[in-house]
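Some notes on the structure that comes next.
Per chain, numbering begins at 1; letters A, B, ... match sequence-line order. Just so we're clear, the structure is a prediction, and the values are computed from it rather than from any experiment.
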Protein chains: 2
Amino acid sequence: MKISQGVEWGLHCATLLALAPPDRVVRRDRLAAHYGLPEAYLAKHLQAMARAGVLHAVPGPRGGYRLGREAARITVLDVVEAVEGSTPPFLCQEIRQRGTGALPPDQCRRPCAIHATMTAADQAWRASLRTVTIADLVARLPAGVRERNEKIVS
Amino acid sequence: MKISQGVEWGLHCATLLALAPPDRVVRRDRLAAHYGLPEAYLAKHLQAMARAGVLHAVPGPRGGYRLGREAARITVLDVVEAVEGSTPPFLCQEIRQRGTGALPPDQCRRPCAIHATMTAADQAWRASLRTVTIADLVARLPAGVRERNEKIVS
DNA sequence: GTCCGTTTACTCGGATAGTCGCTGTCCGAGTTGTTAGGG
DNA sequence: CCCTAACAACTCGGACAGCGACTATCCGAGTAAACGGAC
């Protein structure tokens with residue numbers, strides 16, 4: 001189990017974009033340079049976020065990215081699902097219905113306890129990520145960093 | 001983000017081993033056949049679980065596996081960490097200290113808000129998995145299955 | 001009949017190839033600002 | 001001087017290689033039981 005680094009990149013970029021004035025776009029190369037990231041690869045994740053509606057991409061000269069909606073309405077979970085995809089991390093293979101000890105389908109109408117336990121843990125994980133928004137991340141920036149980054153994206 | 005199928009295999013096998021009488025070992029090929037799994041690959045996960053103390057391996061003829069301790073004292077999280085390893089799923093790369101917008105190390109003594117949020121979600125996930133034990137999984141087996149599987153492993 | 005040593009067969013353990021998804025990169029489609037020409 | 005139309009440059013979007021981790025497998029080390037022989 002591992003979370004791709006694209007999630008971290010996307011969250012940092014979203015936090016930075018939240019400091020820009022409304023209707024102000026930031027170019028991709030500026031985001032990449034600010035965090036020392038490979039621009040071409042960062043593009044892949046920003047695309048995914050734009051497809052999910054978390055970001056809004058503006059093409060052409062004077063183009064760039066801005067948040068898809070207000071920062072307080074974008075949760076960390078939204079960014080994670082946009083980058084990683086929303087496929088559940090645990091895929092039950094129903095091995096209880098395979099092999100010599102296979103159970104008849106009649107007794108497998110309900111998900112097995114293992115599946116239920118894993119799903120409950122996943123729900124807890126997502127619920128935790130849902131309680132934090134991009135606006136909260138901005139509020140927790142160290143003193144002075146917010147003002148400095150606001151000037152950079154203006 | 002994806003959880004390896006070995007976790008599911010390990011949990012099912014542990015649930016089955018919990019039905020065996022104390023000090024009774026079950027051979028590896030019987031576990032594999034019961035769930036229709038490739039024995040050689042299942043061995044890799046059982047090894048990992050034995051190394052973590054979740055299972056106890058008995059070599060030689062009449063050998064096999066049994067639980068490392070009573071089922072009520074083995075949590076689902078123990079099995080997950082034994083199979084997947086205990087490396088945290090989110091590795092902060094501290095990109096805030098890289099690139100043109102790099103922050104001085106003085107302002108990075110505390111983990112960033114993103115890191116803290118991810119860690120909190122991971123803690124919630126683990127806490128959820130810690131509340132369920134192998135004994136609980138056994139208790140939630142469908143009616144009749146427990147008795148049938150008890151006969152198989154006896 | 002009992003004890004001991006050897007043999008034997010069976011079990012788990014670590015080392016070895018194959019495959020899928022994340023990582024990293026490139027070039028093309030689309031759009032806007034510019035600029036030159038004409039009225 | 002103003003309008004129009006073509007041009008050009010810049011931006012994002014999707015398609016193309018590289019690498020690490022999970023998947024799958026094999027053979028060797030170790031052990032307990034069984035068997036045969038000696039006492």
Side-chain angles (χ1 to χ4, degrees), chain A residues 1-10 13 17 23-33 35-66 68 80-91 93 95, chain B residues 1-10 13 17 23-33 35-68 80 82-91 93 95:
Chain A
M1 198 189 103
K2 178 174 159 293
I3 293 181
S4 75
Q5 62 181 11
V7 170
E8 181 180 1
W9 297 6
C13 288
L17 288 174
D23 296 335
R24 168 88 182 183
V25 297
V26 180
R27 288 186 310 188
R28 181 203 289 166
D29 60 351
R30 183 159 299 194
L31 289 172
Y35 292 114
L37 305 176
E39 178 191 351
Y41 186 28
L42 175 65
K44 198 174 176 66
H45 299 305
L46 295 179
Q47 281 176 41
M49 291 168 72
R51 233 175 299 168
V54 174
L55 298 186
H56 182 72
V58 176
R62 303 272 301 173
Y65 292 95
R66 61 173 171 83
V80 171
E81 287 188 339
V83 174
E84 291 257 324
S86 53
T87 57
F90 180 81
L91 277 73
Q93 298 188 343
I95 65 174
Chain B
M1 199 189 102
K2 178 175 161 291
I3 292 181
S4 76
Q5 62 181 10
V7 170
E8 182 180 0
W9 297 6
C13 288
L17 288 175
D23 296 335
R24 168 88 183 184
V25 297
V26 179
R27 288 186 311 187
R28 181 203 289 165
D29 59 351
R30 181 158 300 193
L31 289 172
Y35 292 115
L37 305 176
E39 178 191 351
Y41 186 27
L42 176 64
K44 198 175 176 63
H45 298 305
L46 295 179
Q47 282 175 41
M49 292 169 72
R51 233 175 299 167
V54 174
L55 299 186
H56 182 73
V58 176
R62 303 272 299 173
Y65 292 95
R66 61 174 171 82
L67 293 183
V80 171
V83 175
E84 290 258 325
S86 53
T87 57
F90 180 81
L91 276 74
Q93 298 189 343
I95 64 175

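Counting non-hydrogen atoms under 4.0 angstrom, B/A57 reaches the backbone sugars and phosphates but no base. B/R27 comes within 4.0 angstrom of the backbone, heavy atoms only, and of no base.
The CZ atom of B/R24 sits 13 Å away from the P atom of C/dT11 (whole-angstrom rounding). The distance between atom CD of A/E8 and atom C1' of C/dT23, rounded to the nearest whole Å, is 15 Å. The nearest whole Å value for the distance from the CG atom in A/L46 to the C1' atom in C/dT25 is 16 Å. In this structure, B/L91 places its CG atom 15 Å from C1' of C/dC22, rounding to the nearest Å. Going from atom CD of B/E84 over to atom C1' of D/dC22 covers 10 Å, rounded to whole Å. D/dC22 atom P lies 12 Å from atom CD1 of B/I3, rounded to whole Å. Distance CZ (B/R30) to C1' (C/dC12): 17 Å, rounded to an integer number of Å. Between the CE atom of A/M49 and the P atom of D/dG14 there is a distance of 16 Å, given to the nearest Å.
With DNA chain C read from its 5' end, the first of the two nearest nucleotides for A/R62 and A/H45 is the one closest to A/H45. Take the nearest nucleotide of DNA chain D for A/Q47 and for B/P61: the residue whose nucleotide is more 5' is A/Q47. Nearest-nucleotide positions on DNA chain D place A/V26 closer to the 5' end than the other of A/K44 and A/V26.
A 4.5 Å side-chain heavy-atom check between B/F90 and A/E8 finds at least one atom pair inside the cut-off. Between B/L37 and B/W9 there is a side-chain heavy-atom pair separated by less than 4.5 Å. Counting only heavy atoms from C-beta outward, the side chains of B/R28 and B/Y65 approach each other to under 4.5 Å.
Here the side chain of B/S4 is nearest to one of D/dT23, D/dC12, C/dG24, namely D/dT23. Of all nucleotides listed (D/dC12, C/dT25, D/dT23), D/dC12 comes nearest to the side chain of A/R28. For B/K2, the side-chain atoms get nearest to D/dT23 when compared with the rest of C/dC22, D/dC12, D/dT23. Of all nucleotides listed (C/dT23, D/dC22, C/dC26), D/dC22 comes nearest to the side chain of B/Y41. For B/Q5, counting side-chain heavy atoms from C-beta on, the closest listed nucleotide (C/dT23, C/dA9, D/dT23) is D/dT23.
Between the A/E39 side chain and the A/A32 main chain, no donor and acceptor come within less than 3.5 Å of each other.
Atom CZ of B/R66 sits in a crowded spot, with more than 12 heavy atoms from other residues, nucleotides or ligands closer than 6.0 Å.
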